[in-house]
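Before any comments, here is the structure.
When a ligand or atom number is given, it counts from 1 through the structure's own listing order.
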Amino acid sequence: MAQLSDDCFAFGGALMPVDAALVLIAERFEPVAEQEVVPLSRADRRVLAEDVLSPMALPPFANSAVDGYAVRHLDLAPQGSTKLPLRGRVAAGGAANGLTAQGVAVRVFTGAPLPDDADTVFMQEDVVPTPSHVILPPGLRRGANLRHAGEDVAKGAILLPAGRRMKPQDVALAAAVGLSSIPVRRRLKVALFSTGDELAEPGQPLPNGAIYDSNRLLLSSLLQRFGAEVSDLGILRDDRSDLATHLATAARAHDLILTSGGVSTGEEDHVKAAVEAVGKLVFWRLAIKPGRPVAMGMINGVPFAGLPGNPVAVFVTFSHVVRPLLARLSGMKLAPPECFKVRSAFSYQKKPGRREYARVTLRTSSDGSVEAVKHPREGAGILTSLTETDGLAELPEDISAVAPGDIIGFLPYAMIW
Ligand code: AMP
Ligand code: MG
């Protein structure tokens, strides 16, 4: 892994734009190198380590797309209907075995191989059958209702590219060309801590002045959705040397260390100093709201990401900073999430130079257009502002206000995951 330099501090005390942080992530961190071969039954969400080429054409042979009658288009009358004698029958899984469609109609079923010379299939609903013949209506184009060999995938074509995170439909495609396993990168092992003297474990009594730790479950759920293996390492107290010890230990057996809390500039925020004691920071303040303090660094060659404490800030910074980091480490090619354009139903003042995310719900307005309604509560600690909304409105660096009727970018929560 490349040695980190200190040039990130070229930003001085200023906040780093999110896009600059993403460039640093791409430059400073490398994907895990180890690969393994997994059966398709366990391939969903895994990241392809290599291009997968198709060992065969798909479909492997020309076949009927419907239940019906295969014919040679040349045998059809130029005008009016055509009566052809019925000869032969091929079902899916059967063989056309020398059958020809010359001058006749062959009974075929969906998926059946086509007889020789057949180039068109009539749907059974469209024809009038008699015991010995079929009467075919006029107007069907040549090539109708059949599937050509290789029309889906050509033999040797790139079926799925390296860096793709497998989706259920990708698994189906690999199975359709006869593969039973694929080469993937090793799953990421992520060490997860919460930090804060005020935190208590859900299920335990709540001491005076304490709150339950919700960030760890938020983050472990998000990480698992991403396909990472999570080591839940509990709650760390607000103590610099204790933090440093635990971070250094976690760096021995993980690909990423993730914490929340303790990264602001308060007297009880020791995470940044702990990272500097056992590793190096790459950046620690971003021009993003909610979420400004986000520390990213390296501890003994292992990437570290320290998220803020407030749950909404955790959610937003995970989505826009940790997710690209996870993608980079897992070797995944991840396009930035594409915002949908929707109409704003709210007004909002923001600081130029900073990217802000508002939690919004979509509704259909009277003219049929989709508009975004901002959650009434803005606080970065208001968890219900996440549970009661549909996604995030992305308000870019260069704007200073949003007015009702403005077109804004909307990211559904489902698209971030
Ligand atoms: P901090 O950045 O540590 O000052 O935390 C900011 C706010 O987030 C404080 O109100 C913390 O109590 C809260 N917070 C920190 N960690 C957690 C957590 N794991 N779960 C819920 N709230 C937290
Ligand atoms: Mg704290």
Side-chain angles (χ1 to χ4, degrees), residues 13 15-16 18 21 190-226 228 230-247 250 254 256-278 281 283-297 304-323 354 356-357 359 375 377-389:
L15 302 180
M16 182 182 288
V18 178
V190 182
L192 179 61
F193 295 103
S194 290
T195 75
D197 288 343
E198 75 279 31
L199 299 179
E201 283 292 350
Q204 300 298 311
L206 193 65
N208 268 340
I211 59 167
Y212 286 119
D213 178 0
S214 56
N215 289 348
R216 223 162 79 246
L217 281 158
L218 171 62
L219 287 170
S220 71
S221 304
L222 291 170
L223 288 165
Q224 286 174 62
R225 284 198 174 204
F226 202 88
V230 182
S231 306
D232 182 345
L233 298 175
I235 299 166
L236 298 179
R237 299 297 145 198
D238 289 317
D239 177 275
R240 181 182 143 177
S241 74
D242 190 48
L243 283 163
T245 307
H246 280 92
L247 295 180
H254 295 94
L256 172 66
I257 304 165
L258 188 60
T259 66
S260 68
V263 283
S264 317
T265 44
E267 275 169 39
E268 294 300 332
D269 295 317
H270 301 292
V271 171
K272 176 174 164 275
V275 172
E276 285 174 314
V278 290
L281 283 175
F283 59 79
W284 71 284
R285 293 173 85 217
L286 289 186
I288 185 171
K289 187 190 174 186
R292 185 171 54 176
V294 179
M296 202 166 279
F304 163 84
L307 303 186
N310 279 308
V312 180
V314 168
F315 186 82
V316 167
T317 54
F318 184 94
S319 305
H320 296 283
V321 186
V322 177
R323 184 172 173 271
R354 177 165 87 180
E356 301 197 10
Y357 290 95
R359 289 135 270 163
H375 195 272
R377 313 283 308 278
E378 276 180 20
I382 305 286
L383 263 171
T384 51
S385 69
L386 288 175
T387 60
E388 293 171 357
T389 50

Need the ligand 1 atom indices (1-based, order shown) with element for anything under 4.0 Å from a heavy-atom of [X].
X    : answer
I211 : 12 (O), 21 (C), 22 (N), 23 (C)
S194 : 19 (N)
Y212 : 20 (N), 21 (C)
G262 : 1 (P), 2 (O), 3 (O)

First locate atom [atom1] of [X], then atom [atom2] of [Y], and finally report the distance between them rounded to the nearest 0.5 Å.
X    : Y    : atom1 : atom2 : answer
E198 : D238 : CD    : CG    : 6.5 Å
F318 : L223 : CZ    : CG    : 4.5 Å
R292 : T265 : CZ    : OG1   : 7.0 Å
F315 : L383 : CZ    : CG    : 10.5 Å

Any idea which protein heavy atom is nearest [atom], and the distance to it?
atom                    : value
atom 17 (C) of ligand 1 : N215 ND2, 3.1 Å
atom 4 (O) of ligand 1  : D269 OD1, 3.7 Å
atom 10 (O) of ligand 1 : N310 OD1, 4.2 Å
atom 23 (C) of ligand 1 : G309 O, 3.4 Å

Does atom CZ of R237 have more than 12 heavy-atom neighbours, drawn from other residues, nucleotides or ligands, at distances under 6.0 Å?
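Correct, the count exceeds 12.
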Which is it for V321 and M296 under the side chain to side chain contact (heavy atoms under 4.5 Å, CB included) test, yes or no, and what are the steps along the way?
CA-CA 9 Å; V321 186; M296 202 166 279; 3.4 Å; yes
Please check whether D213 reaches ligand 1 - meaning an N/O of the residue sits under 3.5 Å from an N/O of the ligand, judged on distance alone.
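Looking only at distances, the answer is yes, because the N/O contact criterion of under 3.5 Å is met.
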Can an N or O of P311 be found at a distance shorter than 3.5 Å from an N or O of ligand 1?
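Between P311 and ligand 1 (N or O atoms, distance only) the closest approach is not under 3.5 Å.
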Step by step, would you call S220 with L192 a side chain to side chain contact (heavy atoms under 4.5 Å, CB included)?
CA-CA 7 Å; S220 71; L192 179 61; 3.6 Å; yes
State if G196 counts as touching ligand 1 under the rule of any non-hydrogen atom under 4.0 Å.
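No.
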At a 4.0 Å cut-off, with the gap strictly under it, does some heavy atom of S264 reach an atom of ligand 1?
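Heavy atoms of S264 do come under 4.0 Å of ligand 1.
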Salt bridge check: are R216 and E201 linked by an N-O gap of less than 4.0 Å?
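A salt bridge is present here (some side-chain N lies under 4.0 Å from a carboxylate O).
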I'd like to know whether L286 forms a side chain to side chain contact (heavy atoms under 4.5 Å, CB included) with T317, so could you lay out the CA-CA distance, the side-chain angles of the two residues, the decisive distance to 0.1 Å, and finally the verdict.
CA-CA 9 Å; L286 289 186; T317 54; 5.7 Å; no
Consider only side-chain N and O atoms of S194 and D213, and report whether a donor and an acceptor are under 3.5 Å apart.
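Yes, because at least one side-chain N or O of S194 sits under 3.5 Å from a partner of the opposite role on D213.
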Within reach of ligand 1, part of [X] (heavy-atom separation under 4.0 Å):
X    : result
E198 : side chain
S214 : both
I235 : neither

